[in-house]
**Student:** 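I'd like to ask you about the structure that follows.
Along the sequence shown, residues carry numbers from 1. The structure presented is a predicted model; accordingly, all values stated were derived computationally and were not measured.
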Amino acid sequence: MQIPFVDLQAQYQSLKDELDTAVLAVMRQCNFILGKEVSDFEHAFADYVGARHCVGVASGLDALKLALEAFGIGPGDEVIVPAHTFIASALAVSAVGARPVLVEVDEASFNLDPARIEAAITPRTKAIMPVHLYGQPADMDPILAVARQYNLRVIEDASQAHGARYRGQRVGTFGDAGCFSFYPGKNLGAYGDAGGLVTNDAELAGKVRFLRNYGQEVKYRHVVKGYNLRLDTLQAAVLGVKLRHLDTWNARRAAHAADYTHALEGVGDLQLPRVVTGDHVFHLYVIRTQRRDALQAHLNQRGIATVIHYPVPMHMQAAYADLGYGRGAFPITERLSDEILSLPMYAELTAEQQDYVIKAVKEFFA
């Protein structure tokens, strides 16, 4: 049996008629740039997460970058970012000329450790960027408390947590802005790069709308120096269809996660994901073992695709050698990078496929 890590073909087949209809409608109208489907999706997604505004952009990285720029964060400023996350979180900070200041994560949740934030704040700190990693909400209450104490912006990177809740409220709506990636493999994914920013701040939403579209207030009237970072109409049409199914898909992911945990509890030295804060939507199901590389090779031999998220810590990437951290700066993050492995996880995963994965994992530790 061959088990893919993510099966986008299975998802497409389950929605083929809806998706084909939506895409063909855009093709017939030939309104490919900021068409009606973009504003329709923006309104629908804002309603879904519980925000007043949503601005569709070209990627999750662009959403983060435009949020930082719209808040006036730039050269000489610092932004606190968790040490264990995808590099896009820090790249957005670098893109506006600011410095990402890495902070160690909590070993139970893998998210930014609120207790370590204050020690990283300097007079140059302008914002905190919590990441809701793997679909688990960051612990927002203490993060927001620190932000209020030091008058800092909070920009949530919710790129892996579409629909997740913290204390009953959707992530992305706690800080000054919430940023989402709609990369194809995400819980809510487009058929190419796409992203969005949500906020309750009308002024921020307006600035981001200008910035994403050449800085135009109206066509050929440029109020700021902007970019071409718009959400494509075709991608918005796809997202509009998929959004209607997101809660069902998230429920299936949670059920798959529960099945993995029930079956693998106590197997070998495995450490299984813990739901520490809020409602985890399991973008990824990430296990830990000191025998990670051997387990991955074993599963690969059995036809099971796995991924390491992420094999090289950000502070040890060549791109961020200039930050000067070096090995040993973030021991929890470094241990995670050596031990974590993501098992196949998608809503369409069948019971037969999941049983095969579970049996293969148990076989390795037998």
**Student:** When the ring centroid of F182 is compared with that of F41, is the distance short of 6.0 Å?
**Tutor:** yes
**Student:** Can a side-chain donor-acceptor contact be found between T122 and E78 if the only test is distance below 3.5 angstrom?
**Tutor:** yes
**Student:** Just to verify, what does D293 make a salt bridge (charged side-chain N to carboxylate O under 4.0 Å, His left out) with, not counting sequence neighbours?
**Tutor:** none
**Student:** Just checking, any donor-acceptor pair under 3.5 angstrom between side chains of Y183 and S159?
**Tutor:**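 Their side chains do not contain a donor-acceptor pair, so the 3.5 Å distance test is not met.
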**Student:** Once you measure the plane-to-plane angle for F174 and Y166, does it fall in the parallel (<30°), tilted (30-60°) or perpendicular (>60°) bin?
**Tutor:** perpendicular
**Student:** Begin with the C-alpha distance, continue with both residues' side-chain angles, and end with the deciding distance and a verdict on salt bridge (charged side-chain N to carboxylate O under 4.0 Å, His left out) for K207 and E203.
**Tutor:** CA-CA 6 Å; K207 287 181 179 179; E203 183 180 0; 3.7 Å; yes
**Student:** Within a radius of less than 6.0 Å around CE of M1, do more than 12 heavy atoms belonging to other residues, nucleotides or ligands occur?
**Tutor:**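 Yes, the 6.0 Å shell around CE holds more than 12 heavy atoms from other groups.
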**Student:** So, R116 side chain and V105 main chain: donor-acceptor pair closer than 3.5 Å or not?
**Tutor:** no
**Student:** Just do the side-chain contact (heavy atoms from CB on, under 4.5 Å) check on I340 and Y134 with the steps written out, would you?
**Tutor:** CA-CA 12 Å; I340 53 177; Y134 303 155; 3.6 Å; yes
**Student:** Look at atom CZ of R244 and say whether more than 12 heavy atoms of other residues, nucleotides or ligands are closer to it than 6.0 Å.
**Tutor:** yes
**Student:** For the side chain to side chain contact (heavy atoms under 4.5 Å, CB included) test, which of I304, L349, V307, L299 pairs with L343?
**Tutor:**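 Among I304, L349, V307, L299, the one that satisfies the side chain to side chain contact (heavy atoms under 4.5 Å, CB included) with L343 is L299.
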**Student:** If we ignore angles and hydrogens, is there a donor and acceptor under 3.5 Å between the side chains of K36 and Q29?
**Tutor:**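 There is no such pair between these side chains.
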**Student:** What do you reckon, is CD of E352 surrounded by more than 12 foreign heavy atoms closer than 6.0 Å?
**Tutor:**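 It does not: E352 CD has 12 such atoms or fewer within range.
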**Student:** Using the ring of Y48 (Phe, Tyr or Trp, six-membered ring only), decide whether R170 places NZ or CZ under 6.0 Å from its centre and within 45 degrees of its axis.
**Tutor:** yes
**Student:** Find the distance between CE (M140) and CZ (R167) and round it off to the nearest 0.5 Å.
**Tutor:**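 Going from the CE atom of M140 to the CZ atom of R167 covers 11.5 Å.
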**Student:** Is there a donor-acceptor contact under 3.5 Å linking the side chains of E18 and H245?
**Tutor:**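 Side-chain D/A pair, E18 to H245: present.
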**Student:** Among side-chain atoms of H53 and E42, is any donor-acceptor pair under 3.5 angstrom?
**Tutor:**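 No, because no side-chain N or O of H53 sits under 3.5 Å from a partner of the opposite role on E42.
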**Student:** Should the pair H162 and F180 be assigned to parallel (<30°), tilted (30 to 60°) or perpendicular (>60°) ring geometry?
**Tutor:** tilted
**Student:** Can you see whether D20 engages Y12 through a side-chain donor-acceptor pair at a distance of less than 3.5 angstrom?
**Tutor:** yes
**Student:** E217 side chain to R221 main-chain N or O, any donor-acceptor pair under 3.5 Å?
**Tutor:**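 No: the side chain of E217 does not pair with the backbone of R221.
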**Student:** Flag the pair K225 and E69 as a salt bridge only when some basic side-chain nitrogen lies within less than 4.0 angstrom of an acidic carboxylate oxygen.
**Tutor:** no
**Student:** Let me see the working for V103 and I128 under side-chain contact (heavy atoms from CB on, under 4.5 Å), right down to the final yes or no.
**Tutor:** CA-CA 10 Å; V103 170; I128 305 171; over 6 Å; no
**Student:** For salt bridge (charged side-chain N to carboxylate O under 4.0 Å, His left out), just list the numbers for E339 and R291, CA-CA rounded to whole Å, side-chain angles, deciding distance to a tenth of an Å, and then say yes or no.
**Tutor:** CA-CA 7 Å; E339 298 176 1; R291 302 173 63 191; over 6 Å; no
**Student:** Using distance alone, with no hydrogens and no angle criterion, decide if Q160 and H132 have a side-chain donor and acceptor under 3.5 Å apart.
**Tutor:** no
**Student:** Are Q271 and T289 linked by a side-chain donor-acceptor pair shorter than 3.5 Å?
**Tutor:** no
**Student:** Does K65 make a cation-pi contact with Y227 (under 6.0 Å, within 45 degrees of the axis)?
**Tutor:**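 Flagged: K65 positioned over aromatic ring of Y227.
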**Student:** Using the ring pair (Phe, Tyr, Trp, His ring centres under 6.0 Å) rule, take F5 and H309 through it: C-alpha gap first, then chi angles, then the decisive distance, then the call.
**Tutor:** CA-CA 12 Å; F5 183 71; H309 296 91; 5.8 Å; yes
**Student:** Looking at R153 and D176, does any basic side-chain N land under 4.0 Å from a carboxylate oxygen?
**Tutor:** yes
